[in-house]
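The structure appears right after this line, and notes come after that.
Order of the sequence lines sets the chain letters (A, B, ...), proteins ahead of strands, with each chain counted from 1.
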Protein chains: 2
Amino acid sequence: MGRRNFGQYCGLARALELVGERWALLIVRDLAVRPRRYTDLLDGLRGIPTSMLSTRLKELEQGGVIERRVAPAPRRGIVYALTPDGRGLEPAVLALGRWGTSRLGDPRQGDIVTPESLTMTMRAAFNPDAARRLNAAWEIHAADIVVHAVVTGGSLQAGTGPSPVGPDLTITFVSDDLPSFRALIQAAKCGLVKLSGRQKFLNTFVHTFTPRSPASPASEPDQA
Amino acid sequence: MGRRNFGQYCGLARALELVGERWALLIVRDLAVRPRRYTDLLDGLRGIPTSMLSTRLKELEQGGVIERRVAPAPRRGIVYALTPDGRGLEPAVLALGRWGTSRLGDPRQGDIVTPESLTMTMRAAFNPDAARRLNAAWEIHAADIVVHAVVTGGSLQAGTGPSPVGPDLTITFVSDDLPSFRALIQAAKCGLVKLSGRQKFLNTFVHTFTPRSPASPASEPDQA
DNA sequence: CCGAATCCGCAGTGATACTG
DNA sequence: CAGTATCACTGCGGATTCGG
């Protein structure tokens, strides 16, 4: 049994061998938003050593989770993207993120929020039941971060940057606090946000991104 | 920023700080099946150093994921169990397990299967849609492992040991191969299993534990 | 037997500097 | 922009030992 091998024929053990190393799932998180370059990833993963990033990228490529691509015309170079298999990790990443979000507490000194973490937090918070038969587009501005969420026929497209379609409502987070999704929802509930567009979409936003509580229809453990 | 701190105000980052260390999620997997003692955990986690297990148990307790309990009468001592917060990890563990299962390939030399990994694999493979309006109980025997699955009103109770209710069907895996869930399903499809009980429940078993394919209703990434 | 603590050697990690 | 190189440090794996 090699060092990073658990020696068990088990899906969880295999998953942890492939993406269980430090930083790996945060790289997957950022790439789940969109393909990114090496230096983009460095920016979004505060404190990761450059050597570690390049090691992880090689391991993830080897493991079939990501792939290197040659970037198209305007700014050439290399971009990293999830493979189809890698995209299959998104449900697991969102599930872990939901659990962690419930245990977040208050921001710690020095904590940051990135456009990618904010986008994935929105995807994790998305409530498909509340979004049935809904068509809406929001654009969120918080500090220097811009993200968007577009709901079409009950399914969500969330990403960084301005909305690809004209947003129904633009929400600007005006507090000096960390521009976390939690703080944004709080501010929205209290009306402490600047709005531009169809204001009734504010309430829809809050409900669309309040996750249904039990999080899963999975079986209950027979805990004594 | 401490060593195991990612410095991001993000649910995924927080989750990885709490359960991202080596072995931690495998401990959670085993405790999700039922509370276990220190030595039970050692048995189920092949190759974990004793010092590491005790360190992880302390960290997980500190993080509010597990708790120590004094075991009841017959065999006293200490048992470890998931807290309610810890039980909230199950959807994430199952999602990661599903992804890993899809990338398992063939068993490697020396791989083992434990009752706990088999139980969690069954929970991960469970298809609620196929189990609507179903009531059934199976007992699985494979090598020296016994596990059970009881479906009542569309929801699953899966655990180790004999079925708590009289099983409709007992399935015995007779091959010399590793008694993995995958091999069991294969064998069941080919009729290479010994049956005892109502044989028509074999087909029901296969369909109930074939997961629906896309695995999640979550949003698609806007991959270029 | 259960439930660890201790010790050692090495591999993975973090910080900084440097290169094509 | 996209990484390597170096080096100190800490976490991990393996074995042994120790107290209830």
*Just wondering, do A/Leu57 and A/Leu41 contact through their side chains at under 4.5 Å, heavy atoms?*
yes
*Check: A/Ile27 main-chain N/O paired with A/Asp30 side-chain donor or acceptor under 3.5 Å*: no
*Roughly, in whole Å, what's the span from CG in B/Leu42 to P in C/dG3?*
9 Å
*Counting side-chain heavy atoms from CB outward, which of C/dG3, D/dG11, C/dG12 is closest to B/Arg56?*
D/dG11
*Would you mind reading off the distance between A/Arg37 atom CZ and D/dC1 atom C1', rounded to a whole angstrom?*
8 Å
*Could you state the CG-C1' distance from A/Asn5 to C/dG12, rounded to the nearest angstrom?*
16 Å
*Which nucleotide in the set C/dT13, D/dG11, D/dA2 lies at the smallest distance from any side-chain heavy atom of A/Ile78?*
D/dA2
*Go through the side-chain N and O atoms of A/Arg29 and A/Ser117 and say whether any donor and acceptor fall under 3.5 Å apart.*
no
_Shortest side-chain distance from B/Pro49, nucleotide among D/dG11, C/dC2, D/dG14_ = D/dG14
*Return the value, rounded to whole Å, for the distance between atom CD1 of B/Ile48 and atom P of D/dG11.*
16 Å
*Round to a whole Å and report the spacing from CG of A/Leu53 to P of C/dT16.*
17 Å
*Interatomic distance where CZ belongs to A/Arg46 and C1' belongs to C/dA15 [whole Å]*: 14 Å
*To the nearest Å, how far apart are A/Glu61 CD and D/dA2 C1'?*
14 Å
*Respond yes when some side-chain nitrogen or oxygen of A/Arg68 is under 4.0 Å from OP1 or OP2 of D/dG3, and no when none is.*
yes
_Rounded to the nearest 0.5 Å, what separates atom CG in A/Leu94 from atom CG in B/Leu12?_
9.0 Å
*asked:* Would the distance check show the side chain of B/His148 and the main-chain N or O of B/Pro162 forming a donor-acceptor pair, the cut-off being under 3.5 Å?
replied: yes
*Within this structure, what is the CG-to-C1' distance between A/Leu45 and D/dA2, rounded to whole angstrom?*
15 Å
*Looking just at side-chain N and O atoms, do A/Thr101 and B/Arg14 make a donor-acceptor pair shorter than 3.5 Å?*
no
Atom pairs, N/O to N/O, protein against nucleotides 4-6 of chain D, distance under 3.5 Å?
{"unit_1": "D/dT4", "atom_1": "OP1", "unit_2": "A/Lys58", "atom_2": "NZ", "d": "3.1"}
{"unit_1": "D/dT4", "atom_1": "OP2", "unit_2": "A/Ser54", "atom_2": "OG", "d": "3.2"}
{"unit_1": "D/dT4", "atom_1": "O4", "unit_2": "A/Thr50", "atom_2": "OG1", "d": "2.6"}

_Is the ring pair A/Phe209/A/Phe126 parallel, tilted or perpendicular, if the boundaries are 30 and 60 degrees?_
tilted
*Nearest to side-chain heavy atoms of B/Glu21, which nucleotide of C/dA4, D/dC12, D/dG3*: D/dC12
